[in-house]
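Atoms within each ligand, like the ligands themselves, are counted from 1 in listed order. Because only heavy atoms are used, hydrogens play no part in the values below, and waters and symmetry mates are left out as well, while side chains stay in.
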Amino acid sequence: MPPVRGRFAPSPTGRLHLGNARSALLGWLQARALGGEFLLRIEDLDAARCRPAYVDLLERDLEWLGLTWDGVPLVQSERREVYEAALETLARTGQLYPCFCSRAEIARAVTAPHGASDEGPRYPGTCRPLSEAEVHARTSSRPPALRFAPAPGELSFADALAGPFSQDVAAEVGDFVVRRNDGVASYQLAVVVDDAASGITHVLRGEDLLASTPRQLALHRALGLPPPVYAHVPLVLGEDGKRLAKREGAFALAELRESGVAPERVVGLLAAWSGLTDGAPVRPGELVPGFSLARVRRTPARTSEEEIRMALGL
Ligand code: GLU
């Protein structure tokens, strides 16, 4: 059995909020309770949206909460060659092809405007039949993205929190981008390559990424890499039923830290949302004995700004 290794993989596009911290806490508890390591990875491939200042802040936030990580964080923007090597492996499977379509062209080409995924409508495969000569001719006017054509058929897995999940990626998502047309690896590719490179055995993250998992499993398979065990935690919802993460900028961890809130209170609140405690202030290490995913609540936690203020003494 490989050593247990979990990870937290934030994108430094803004300040961490309570929803992010909850995923980090649960991932940390899972790894520590199994006697494993916990790694930090900076997912900064989207250069237009990521800022180094946010990396600095999130590291301080995690330290403040007591969510320690092992080793030096992997930084995705520094790993271009590793992703290129994986793309070469994928190319050898014959499942990769260049795609010249713009978003607008794809939107015009499809009848159903919304696909099953965050990638927008199912890609109709427009560029799949292009000959080498056509690819060559078109590359001079527009650099292509690279798409991966998954094998047809259901991909099923047992999520440790969300339960059984199954998706026919080819039918529901279609061929998906693994390298953008600016040459940068896509999230789907990078996450698979990096989880494998770091020997990650347990991935715990927000439920918003559940539907990405079959795409990632398809890539693990094509690259011959062992997939981790996945656990997707239900989101935290505000009073209006909307995802808390989107609306509570006021509860950025950096702000709580700077305004003198005790980190134990924050951890207590996160533990209560997860159904682990009644919310009393606590340090992460105190939650390790007896922690198991079986104890984590599987339905979305509901909260309100007022409840958060009360819990944090604001
Ligand atoms: N970087 C992603 C995010 O911040 C998380 C990726 C993952 O956990 O697989 O949403």
J.: Which of the numbered atoms in ligand 1 are under 4.0 angstrom from any heavy atom belonging to S11?
T.: 1 (N), 2 (C), 3 (C), 4 (O)

J.: Assess whether a salt bridge exists between R15 and E255, defined as any Lys/Arg side-chain N lying under 4.0 Å from an Asp/Glu carboxylate O.
T.: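 Result for this pair is yes, salt bridge flagged.
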
J.: Who's the nearest protein heavy-atom neighbour of atom 6 (C) of ligand 1, and how far?
T.: E43 OE1, 3.3 Å

J.: Flag yes if more than 12 heavy atoms outside R221 fall under 6.0 Å of its CZ atom; otherwise flag no.
T.: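 No - once you tally the heavy atoms of other residues, nucleotides and ligands closer than 6.0 Å, there are 12 at most.
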
J.: Considering only heavy atoms, does L209 approach ligand 1 within less than 4.0 Å through its side chain, its backbone, both, or neither?
T.: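 Contact part for L209 vs ligand 1: side chain (C-beta onward).
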
J.: Atom 5 (C) of ligand 1: which protein heavy atom is closest, and how many Å away?
T.: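 The protein heavy atom lying closest is A9 O, 3.4 Å.
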
J.: When you look at E134 and S131, which way does the side chain to side chain donor-acceptor pair (under 3.5 Å) test go after all the steps?
T.: CA-CA 5 Å; E134 282 168 309; S131 70; 3.1 Å; yes

J.: Closer than 3.5 angstrom, by distance alone: can the side chain of R179 be matched with the main-chain N or O of A145 as a donor-acceptor pair?
T.: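 A pair under 3.5 Å: no.
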
J.: Rounded to the nearest 0.5 Å, what separation is found between the CG atom of D70 and the OG atom of S198?
T.: 11.5 Å

J.: Strictly under 4.0 Å, does any heavy atom of Y187 approach an atom of ligand 1?
T.: yes

J.: For ligand 1, does R7 get within less than 4.0 Å through its side chain, its backbone, both, or neither, judged by non-hydrogen atoms?
T.: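 The answer is the side chain.
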
J.: Would one find an N or O of R41, backbone or side chain, under 3.5 Å from an N or O of ligand 1?
T.: no

J.: Could you list the atoms of ligand 1 found under 4.0 angstrom from a heavy atom of R205?
T.: 7 (C), 8 (O), 9 (O)

J.: List the residues meeting salt bridge (Lys or Arg N to Asp or Glu O under 4.0 Å) with E43, not counting sequence neighbours, and say none if there are none.
T.: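 Testing E43 for salt bridge (Lys or Arg N to Asp or Glu O under 4.0 Å), a comparison that skips the adjacent residues, returns R41.
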
J.: Does ligand 1 come near enough to V191 that some N or O of the ligand is less than 3.5 Å from an N or O of the residue?
T.: no

J.: Are R32 and F291 in a cation-pi setup, meaning NZ or CZ lies under 6.0 angstrom from the ring centre and within 45 degrees of the ring axis?
T.: no

